[in-house]
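Single-structure report; data block below.
Nothing here was measured: the structure is a model prediction, and the numbers come from that model. The basis for the numbers below is simple: all heavy atoms, side chains too, and nothing from hydrogens, waters or symmetry mates.
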Amino acid sequence: MKRTRTVTRTFEMVMGIIGSIIGIFSGSFLIFLESFGHAHTPFLGLIAIIASILGIFSSYYVRTNEDVAGIGFIIATMFVIIGSDYINVLSAIFLLIAGISSLFRK
C-alpha cells in the first residue's frame, strides 16, 4: 500500500491574502495622495487595487487549481509593481513568493 502525500496550500493562500491586503491599502494611499496633489495620477493606485483583487481571487483558487493561481499571483505582482511607484514593493514580494511557491511546489 503506497502512501500519497497531499500538499496543503495554506502557505500560498496566506501569503497571497497578506500581499493583497497590503496592496489594497497602498493603492488607496496613492489615491489619497492624489487629493493633495503629490502623486502623478490616481489611475496607478486603481491599477494596484485591481491587481490586489486579482491576488485575492488567486488565493481563493489556489486550493483547486494551483497552476492558474500561480500565474494569477505573478500577473498581480507585475501590475502591483507597475501601479505603485515603489510604495507597494512589500505587497509585490508577498504575491511573488505565493506565485512561485504555488507553481513549483508539488
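Closest non-hydrogen pair, Ala69 versus Ser102, comes out as C-OG, 4.2 Å. The shortest non-hydrogen separation linking Ala51 to Phe79 is CB-CB, 3.6 Å. The minimum heavy-atom distance between Leu44 and Ile82, with the atom names listed, is CD2-O, 4.0 Å. Ala48 approaches Gly27 most closely through the heavy-atom pair CB-CA, 4.2 Å.
To the nearest 0.5 Å, the span separating OG on Ser101 from CG on Leu96 amounts to 10.5 Å. The CZ atom of Arg63 sits 4.0 Å away from atom OG1 of Thr10, with the distance rounded to the nearest 0.5 Å. With values rounded to the nearest 0.5 angstrom, Ile49 atom CD1 is found 4.0 Å from Ser28 atom OG. In this structure, CD1 in Ile18 is found 13.0 Å from CD1 in Ile93, a value given to the nearest 0.5 Å. Here the straight-line distance linking atom CD1 of Ile31 with atom CZ of Phe43 works out to 11.0 Å at 0.5 Å rounding. Considering CD1 of Ile21 and CD1 of Ile17, their distance stands at 6.5 Å, rounded to 0.5 Å.
Sorted by first and then second residue, the pairs that involve residues 64-78 and meet side-chain hydrogen bond (donor to acceptor under 3.5 Å, both in side chains), not counting sequence neighbours, are Asp67-Lys106. Every pair passing salt bridge (charged side-chain N to carboxylate O under 4.0 Å, His left out) that includes a residue from residues 10-21 is listed here, sequence neighbours excluded: Arg9-Glu12, Glu12-Arg105.
Not counting sequence neighbours, Phe29 has no partner by the ring-ring contact (aromatic ring centres under 6.0 Å, His included) test. Under the rule for a side-chain contact (heavy atoms from CB on, under 4.5 Å), the partners of Ala98 that lie at least two apart in sequence or sit in another chain are Met15, Phe73. Evaluation of the side-chain contact (heavy atoms from CB on, under 4.5 Å) rule for Ser91 yields Ile22, Val80, Asn88, Leu95 as partners, not counting sequence neighbours.
No chain of hydrophobic side-chain contacts below 4.5 Å, direct or via other Ile, Leu, Val, Met, Phe, Trp or Tyr residues, connects Ile53 to Leu90. Both Val14 and Phe11 are members of a single hydrophobic cluster when ILVMFWY side chains are connected at heavy-atom separations under 4.5 Å. Ile71 and Met78 fall within the same hydrophobic cluster, defined by Ile, Leu, Val, Met, Phe, Trp and Tyr side-chain heavy atoms under 4.5 Å apart, directly or through other members.
By the 4.5 Å heavy-atom criterion applied to side chains, Leu54 and Ile75 are counted as neighbours.
Residues Ile50 make up the rest of the hydrophobic cluster containing Leu46, defined by ILVMFWY side-chain heavy atoms closer than 4.5 Å, directly or through other members.
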